[in-house]
Number of protein chains: 6
Amino acid sequence: MRIDERKFDELRNVSMETNFIMHPEGSVLITVGKTKVICNATIEDRVPPFLRGQGKGWITAEYSMLPRATVSRNQREASKGKITGRTMEIQRLIGRALRSVVDLEALGEKTIWIDCDVIQADGGTRTASITGAFVALALAIHSLHEKDAFTSFPITHYLAATSVGVVKDQGVLLDLNYEEDFSAAVDMNVVMTSSGEFVEIQGTGEEATFSRKELNALLDRAEKGINRLIDHQREALGEIATLIDKEVGVEA
Amino acid sequence: MRIDERKFDELRNVSMETNFIMHPEGSVLITVGKTKVICNATIEDRVPPFLRGQGKGWITAEYSMLPRATVSRNQREASKGKITGRTMEIQRLIGRALRSVVDLEALGEKTIWIDCDVIQADGGTRTASITGAFVALALAIHSLHEKDAFTSFPITHYLAATSVGVVKDQGVLLDLNYEEDFSAAVDMNVVMTSSGEFVEIQGTGEEATFSRKELNALLDRAEKGINRLIDHQREALGEIATLIDKEVGVEA
Amino acid sequence: MRIDERKFDELRNVSMETNFIMHPEGSVLITVGKTKVICNATIEDRVPPFLRGQGKGWITAEYSMLPRATVSRNQREASKGKITGRTMEIQRLIGRALRSVVDLEALGEKTIWIDCDVIQADGGTRTASITGAFVALALAIHSLHEKDAFTSFPITHYLAATSVGVVKDQGVLLDLNYEEDFSAAVDMNVVMTSSGEFVEIQGTGEEATFSRKELNALLDRAEKGINRLIDHQREALGEIATLIDKEVGVEA
Amino acid sequence: MRIDERKFDELRNVSMETNFIMHPEGSVLITVGKTKVICNATIEDRVPPFLRGQGKGWITAEYSMLPRATVSRNQREASKGKITGRTMEIQRLIGRALRSVVDLEALGEKTIWIDCDVIQADGGTRTASITGAFVALALAIHSLHEKDAFTSFPITHYLAATSVGVVKDQGVLLDLNYEEDFSAAVDMNVVMTSSGEFVEIQGTGEEATFSRKELNALLDRAEKGINRLIDHQREALGEIATLIDKEVGVEA
Amino acid sequence: MRIDERKFDELRNVSMETNFIMHPEGSVLITVGKTKVICNATIEDRVPPFLRGQGKGWITAEYSMLPRATVSRNQREASKGKITGRTMEIQRLIGRALRSVVDLEALGEKTIWIDCDVIQADGGTRTASITGAFVALALAIHSLHEKDAFTSFPITHYLAATSVGVVKDQGVLLDLNYEEDFSAAVDMNVVMTSSGEFVEIQGTGEEATFSRKELNALLDRAEKGINRLIDHQREALGEIATLIDKEVGVEA
Amino acid sequence: MRIDERKFDELRNVSMETNFIMHPEGSVLITVGKTKVICNATIEDRVPPFLRGQGKGWITAEYSMLPRATVSRNQREASKGKITGRTMEIQRLIGRALRSVVDLEALGEKTIWIDCDVIQADGGTRTASITGAFVALALAIHSLHEKDAFTSFPITHYLAATSVGVVKDQGVLLDLNYEEDFSAAVDMNVVMTSSGEFVEIQGTGEEATFSRKELNALLDRAEKGINRLIDHQREALGEIATLIDKEVGVEA
């Protein structure tokens, strides 16, 4: 059994509170176990310089943790005056993942900024960020849709992410909390769409290695978890989900 | 009447949710109208270099806003690589105010870090931060007290803050929301203790000036509001309030 | 008696040497006791982005100390690569105060840069900076006036600043030197105009508090000092003073 | 056929010139097609603060490109004053990968710094860096071994890396050059050991997704390429290879 | 005799490998003894803001060392987040020197970026950078010339540099290696043209002084060395040299 | 004749006001024509890390200009967050020059910080800084000497600096003001001691070159000027000069 009494292939409790913050075009508080992330989406009516004049949109993400989201306090990146490598990796990952399920041409010359701010951390903050950010993004795009900005809803798939890992004496686990993540020999983040395809796989042996067989077991478990997370997204989005499902088509 | 139908000397709705985040020694989510600030207090077992070896503690604060706490998105200070002058002013103010009501000698060689993170802003974020931070601080100090760290509870007064201002055609208003603050000719932040004394007064004419008479009207209104905020603090602190009241003595 | 044998409500010796540096449009060396600040005003023919196209001017200030203006050497902010919170607070205060007595619409789309460089410090550097900066500003505006830039002189009031404080066993003191400032329980900076109105009040209990009665005593003393500082400004400005007095009208 | 006339599962020409730079403890110039990386290894007799006193070593990597390693000139990170997210990701990856094949306890309290400087880039610079860095690391560790620092050679496996990708109309390609990488729908970096186990898999759909079947084809092709790269490493290391092979045991 | 058995007025072995890196418009690897510098020249079709609209070109240089170009490893300037004073001095010197032998009006509104990256250092890196950079610059300008960009070749002189110094017990030495440079009482860098004129002289007593007589001996020795370096440049440039010589005229 | 009616070999008016600022151990305001520099010397009782435990002292310099020391306002380096290459070159030069005339072993493990702050600039600020800094340094060392810190006065020579240049149609000029410096084809800074030896020569052709003959004429003129500057230093130092002269011996 796992330390929090979950089964090996069981997600932690998940909830998504939409419209959590009043100002953003899309906002959600995602809770995965004890991990809590505020995901806000902002629409800006221009694109970065490298895209200007191409009639195409952009999605970019920023990620941060409150200093005391963690067991011991971390120095604020604003105080340090620079962003850590870990933060950069995560925000690049979130942006890249979201861009893969949006029709950027249909979006037009707009940038959607995704801000993921972890207010409480217990493992899996980057995957919770992606899963929550998808919902915030859908809400923001829906706010444009209501103003007749699009001929068809420009989201091509649902998108969610989870972590899986190999922990000694326990094997392959789904949705690692901090303690499990800390002791894992192999740690893998998987981002998948509702069509069952991968968007991103990042698997790392932590001073360890892993075999093809282990890889397959990890991916099987991740897929199950992601399907359940997409169910949560559908529920949180309510009527907007119907709209996406129509677009996504056969997957629904 | 005011735009949100309050009376001139009426506070917005106030609530304080203690233990909002699980890891910090003290944590509160303070809500003042639509302004929401997470205040976390962290205890560190050492003091800054300039205080080492003096047997005295220190309290320091950091303040930040989520990029989309505001109507339009602000660039993250971590991305800019530096902290704005406004942020510096606010965090210096919070730390200074809290230090004035704690017996730093009794605290011993410890630093208490106060993190005020504004997740939603509608005016008065610095005064809400001070009012909430006092509660987070009291919780953190209580966690030390439970380990028998002190002979008597080292908080000497309650402390709260509010804003007051002069708005054209309306006169002197208590607890300005963003729209009122934006149109105020004079803007004043007042920090007071439960003994009715000032800790800090910062009054500014915004391309305007103010008379001694106006100053007195502003301070009268501020004092009323602060007394009501201290009532909210007492309620939020529950049994810990009894402990402080015993210390504060005649004020209770 | 005070350590430098002044009376409680006595300013230190004040002098203002105009045209101290040859290049700026306005330049003054202000001396208040042993505190010496070079105040230079520069006129730039454009405004910051947020004001463009509004036909309105802007005044902004920068403040710095020579590393050895103080008893022990401070590291240069340029070497540290960032500006301290104290410096930011002071330069924001100087700019804000000066903007309150200039008709920015009449100024037109120009920025006036105020540089206050403390070459020797003995307390009260920020208030000396404001008092000197007003003179440098008046000189710079006069240089525009001579080129027929304005229909009427766009300064609406004189403006000066001083510090007051509560020092143990001495009570309320005017114009604190470094030693007095260091031992003060309450420290207050007051910026006032020649019309007797406040522009800025910043009162701080240094690990202490202050009552309404003390506040009133502090403000009374500050007002006296500021009136005398304005006399010094008038004298330093010579014929330009006549020009301002005509504008200021009844106050003269 | 591919644009450079290679077969789909064919590596580019590979060479490794050892002792390329005279000062480092280990140095190699690795050439993979037109990509050229100088990999230098430096031994330092201490470890980072978080490891002190644990009797364990550390390996850390830095990665950089000459400004004109690429078709158009990139601004130097030293001139920008900060490191890009891409650079941070790559240097974290290189360090993590190398640490997985070294017995850090046997290394003792030493840090090995790996510097990978790309002097000419044509795709695959991060995987060439890892493959070359392994050789530089082995040379540096051998220099310690010759001073009898270890009872057994502390490298547990060979380690090499390559890229694979899915390119439209061509399918799954091994060892992408810049042009192929640019047009790839899926891009994957694989780091493996001589035991046939994975150390790191990073697969990314570039505004695209990929199926489990494609994943398997990519991994098959990567494994073939990595085995051939390890043959090149053995050859470059000469007698030192014999030493490693003895340690690696059954794999040899 | 000198530690490497050279005569007092003897250069180290010099070689220049042109087209060393494939992408730049001009590229050379210069080797002076054990010092090796990659010099790349990039043409950009615009000039810095201060030159815009004047029809004149610009040449600017950047200089860097690989961390392990030296005996012990130096921290990367990109990691430090700032460039050292030494680097700034050197890159300003290289740019200034090259600009003195190019007809910037004839060049037109173009910037030529010179990147000098020291991959192995044994003294004299700044003078080797200048000597190599001249060749890279000539190659880049020739690439423009081939497109009929100029009516006459816009290089007015050859340009090369060397170091000379006074070493105790040895006297005046030409082309100091690291060990000689380290022990020199006087250190001088001389940049000269093929017309025998100086472009730059930088002579420094290292906690020492030098007489006019010593200065003259240093300059005599430098001139001899520079003439030989220019012979190497001619050889490396091959047919392009003929083109320059035609321009330079009587000097050829 | 020169624009300010000086002869070709004539210095501008020079004055040195000692003890200009009250706090530093040594302070002087040097005026050379319209150039004015405050030079302050601070004694610190420790040395930089690279010198610790060697029983030897260190002298280091920082240089800055007030933003409006110049005709048009320059952005403050503290606001930019970094120091320009020009500033770095100058402060390295000042420190190096001063170290050449102080017996650092006799100084003991102390650092003397030299701060040169240009309050008004009209050419020659770096050479005026060196000349003034020598006097501030002598005052600071004398303050140690009065506490019996040394067996003999640890200054080995006087040290001063001036600029010379070649200006079209005028030839070789001594002590260039800003206008002359701006139009000079060759610009040279010379630092010499009272023994007539060079400490530093920095000669630069500004998009021009210079012959050996011109070099000699420049050095002759510089030497004359420097001797006169040393006379001014002697006068400013008064009795301390006698003390130095005793040490310097035959030069007196």
Side-chain angles (χ1 to χ4, degrees), chain D residues 17 19-29 31 33-45 60-84 87-88 91 111-122 136 140 177-178, chain E residues 17 19-29 31 33-45 60-84 86-88 91 111-122 136 140 178:
Chain D
E17 182 178 345
N19 305 318
F20 184 68
I21 299 298
M22 65 187 280
H23 298 303
E25 283 72 47
S27 176
V28 67
L29 172 69
T31 304
K34 290 173 184 161
T35 291
K36 288 168 191 271
V37 188
I38 300 176
C39 304
N40 290 332
T42 298
I43 295 166
E44 188 188 23
D45 275 324
T60 190
E62 293 194 351
Y63 167 97
S64 187
M65 283 214 203
L66 293 205
R68 200 56 199 284
T70 44
V71 173
S72 58
R73 188 180 183 274
N74 290 302
Q75 199 193 343
R76 240 169 241 275
E77 290 179 324
S79 304
K80 277 191 264 190
K82 61 178 182 181
I83 288 174
T84 63
T87 294
M88 286 218 187
Q91 51 198 27
T111 298
I112 303 184
W113 291 82
I114 301 295
D115 287 293
C116 296
D117 287 88
V118 179
I119 61 173
Q120 189 169 283
D122 184 35
N177 62 28
Y178 178 74
Chain E
E17 182 178 346
N19 305 318
F20 183 68
I21 299 297
M22 65 187 283
H23 299 303
E25 283 72 46
S27 176
V28 68
L29 171 70
T31 305
K34 290 172 183 162
T35 291
K36 288 167 191 270
V37 188
I38 300 176
C39 303
N40 290 332
T42 297
I43 295 166
E44 188 189 22
D45 275 325
T60 189
E62 292 194 350
Y63 167 96
S64 187
M65 284 213 204
L66 295 204
R68 198 57 199 284
T70 43
V71 174
S72 58
R73 187 180 184 275
N74 289 302
Q75 200 194 342
R76 240 169 242 275
E77 290 178 326
S79 305
K80 277 192 264 192
K82 62 179 181 179
I83 289 175
T84 64
R86 179 184 174 275
T87 293
M88 287 218 187
Q91 50 198 29
T111 298
I112 304 185
W113 291 81
I114 301 294
D115 288 293
C116 297
D117 286 88
V118 179
I119 60 173
Q120 190 168 283
D122 184 36
Y178 179 72

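Please read all numbers here as calculations on a predicted model, not as lab measurements. Throughout, protein chains are lettered first and strands after them, A, B, ... in sequence-line order, and every chain is numbered starting at 1.
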Top contributor to chain E contacts, counting heavy-atom pairs under 4.5 Å, from D/Pro67, D/Ser27, D/Ala41: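 Going by pairs under 4.5 Å, I would pick D/Pro67.
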
Select, from D/Glu44, D/Lys80, D/Glu62, the one with the greatest count of heavy-atom pairs under 4.5 Å involving chain E.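 It is D/Glu62.
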
Report which part of D/Ile38 has an atom under 4.5 Å of a heavy atom belonging to chain E: side chain, backbone, both, or neither.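 Contact with chain E involves the side chain of D/Ile38 alone.
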
Portion of D/Glu25 that has a non-hydrogen atom of chain E nearer than 4.5 angstrom: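 For D/Glu25, backbone and side chain are both near chain E.
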
Roughly how far, to the nearest 0.5 Å, is [atom2] of [Y] from [atom1] of [X]?
X        : Y        : atom1 : atom2 : result
D/Lys36  : E/Met22  : NZ    : CE    : 9.5 Å
E/Asn40  : D/Gln120 : CG    : CD    : 9.5 Å
D/Asp117 : E/Ile119 : CG    : CD1   : 10.0 Å

Find the one option among E/Arg68, E/Glu77, E/Lys82 whose heavy-atom pairs under 4.5 Å with chain D are most numerous.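 Highest number of heavy-atom pairs under 4.5 Å: E/Arg68.
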
Set of residues satisfying salt bridge (charged side-chain N to carboxylate O under 4.0 Å, His left out) with respect to E/Asp115, sequence neighbours excluded: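 Expected list: D/Arg73, D/Arg76.
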
Which atoms form the tightest heavy-atom contact between D/Ala121 and E/His23, and what is the distance?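 That would be O-NE2, 3.1 Å.
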
Apply side-chain hydrogen bond (donor to acceptor under 3.5 Å, both in side chains) to D/Thr70 and list each qualifying residue two or more places apart in sequence or on a separate chain.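 Per chain and number, D/Thr70 pairs via side-chain hydrogen bond (donor to acceptor under 3.5 Å, both in side chains) with D/Asn74.
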
